[in-house]
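In what follows, every heavy atom counts, from backbone to side chain, and hydrogens, waters and symmetry copies are set aside. Lettering follows sequence order; numbering is per chain, from 1.
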Number of protein chains: 2
Amino acid sequence: MQNYRIFIHIIYIMKNKTERLHAIKELITQQSIGNQDELLLLLKEKGYHLTQATLSRDLKQLKITKMPNDMGEYRYTLPHSMYSNNKPSETKIIGHNSLEFSGQLAVIKTRSGYAGGIAAEIDEHASDAILGTIAGDDTILIIPREGFNREEITAILSTVIENL
Amino acid sequence: MQNYRIFIHIIYIMKNKTERLHAIKELITQQSIGNQDELLLLLKEKGYHLTQATLSRDLKQLKITKMPNDMGEYRYTLPHSMYSNNKPSETKIIGHNSLEFSGQLAVIKTRSGYAGGIAAEIDEHASDAILGTIAGDDTILIIPREGFNREEITAILSTVIENL
DNA sequence: GAATAAAATGTATAATTTTGCAAAATTATA
DNA sequence: TATAATTTTGCAAAATTATACATTTTATTC
């Protein structure tokens, strides 16, 4: 009887829809999934219990679609795959400066007057990943090159800034 | 008998697959299409005779997918429609300056100190295609207007810069 | 806490899309 | 040309996905 109650509880925790949507996104990006039954199975393994109908509605809400890849197979993919690898942005502190992303762009906030100097350093030491920077007084706009994701950009900028 | 030969000729002209793929793309962008039968009908009106099976294969080749729009309806759309016309970005050299794209934005690197001047020229002579510019010391951020693709922006900027 | 409204889900089924296979059309080659 | 190789297509059926409707769950209001 006790076990039964615990079981119910676990189901309850897992059943949260938002969480499930997250799990779906994650599976879509990590695995190569060709149809909803396949995805359904993976979700079952992760403890989500739902039917194909619900999954169809979830995918609709997430705007996830079945797209042909270059090998002529249909695969589910997130919309605008260009930035799909990117986690939602969090502010990262590097020394006296903060770094945060928005869409394809990154912004660094510095102490007043420092933006120009730091931007120059970035231009000089990170030009393979950074297409260009524009500095105000305490703000630097960073335009990354295409093909670099947030993680990579963060790593490069951290190194540059820490070596000042 | 003569009529018969003409008829054959017309069919031949229309049946070209490449042309049909073009027509499909065009219809997809211009109209709001929710399923293949609908699209099939429009194609028939334009003189293309094919079955739904062939259409399915055409859409696969074009990587056109059925996507939910914001009103919760499924509509066929071109892949990443915003940038779909755009080739991957390469650096282009124009005089002493370089031009490269990242996502919706373009960046021009100039000789040190020239960014402001060149940006002013761009603002003055390319305002139909360029929404705005922001210049640092040697970097100009270009924000193109919507509806212009990279090729067009490149052409316009080249002209402006070469005429300095 | 009961009543009511709103949201989420399952079931069953309809709607839609994809595909194996064979035939037709097109292109390349001897 | 004729023939072989390749590509495209239609047909029919299988596979997949979306949805109407009923039910359950969750949130809200009194």
Heavy atoms under 4.0 Å, any strand shown: does A:Leu50 hit a base, just sugar-phosphate, or nothing?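 Result for A:Leu50 = sugar-phosphate.
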Answer yes or no: does a side-chain N or O of [X] lie under 4.0 Å from OP1 or OP2 of [N]?
X: B:Tyr76; N: C:dT17; value: yes
X: A:Thr51; N: C:dT9; value: no
X: A:Ser56; N: D:dA18; value: yes
X: B:Gln36; N: C:dT18; value: yes
X: B:Lys60; N: C:dT17; value: no
X: B:Lys66; N: D:dT17; value: no

Across all strands shown, which nucleotide pairs with D:dA15 by Watson-Crick or G-U wobble geometry, both distances under 3.5 Å?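 Result: C:dT16.
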Does C:dA8 have a Watson-Crick or wobble mate here (both distances under 3.5 Å), and if so which one?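 Here C:dA8 is engaged in a pair, and the nucleotide opposite it is D:dT23.
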Taking A:Asp70 first and then A:Arg75, would you say they form a salt bridge - that is, a charged N and a carboxylate O separated by under 4.0 Å?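 A salt bridge is absent here (no side-chain N lies under 4.0 Å from a carboxylate O).
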Tell me: [atom1] of [X] to [atom2] of [N], nearest whole Å?
X: A:Asp58; N: C:dT9; atom1: CG; atom2: C1'; result: 10 Å
X: A:Gln61; N: C:dT9; atom1: CD; atom2: C1'; result: 13 Å
X: A:Arg57; N: D:dA20; atom1: CZ; atom2: C1'; result: 9 Å
X: B:Ile33; N: C:dA15; atom1: CD1; atom2: P; result: 20 Å
X: A:Lys17; N: C:dT9; atom1: NZ; atom2: C1'; result: 10 Å
X: B:Leu40; N: D:dC11; atom1: CG; atom2: P; result: 11 Å
X: B:Glu73; N: C:dA15; atom1: CD; atom2: P; result: 18 Å
X: B:Tyr74; N: D:dT16; atom1: OH; atom2: P; result: 17 Å

Atom OH of A:Tyr74: over 12 foreign heavy atoms under 6.0 Å: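 Yes.
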Choosing from C:dT9, D:dG10, D:dT17, which nucleotide comes nearest the side chain of A:Arg20?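 Out of C:dT9, D:dG10, D:dT17, the nucleotide with an atom closest to A:Arg20's side chain is C:dT9.
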Donor-acceptor pair, side chain of B:Asp138 and main chain of B:Thr110, under 3.5 angstrom: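 No; zero donor-acceptor contacts below 3.5 Å.
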Judged by atom type as modelled, is there a donor-acceptor pair below 3.5 Å linking the side chain of B:Asp123 to the main-chain atoms of B:Ala126?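 No, the answer is negative, given that no donor and acceptor are paired below the 3.5 Å cut-off.
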For A:Gly34 and for B:Ala53, locate the closest nucleotide of DNA chain D by heavy-atom distance; then report the residue assigned to the nucleotide nearer the 5' terminus.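 That would be B:Ala53.
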Compare every heavy atom of B:Ile33 with every heavy atom of B:Leu27, then report the nearest pair and how far apart it is.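 In terms of heavy atoms, the two residues are closest at O-CD1, 3.8 Å.
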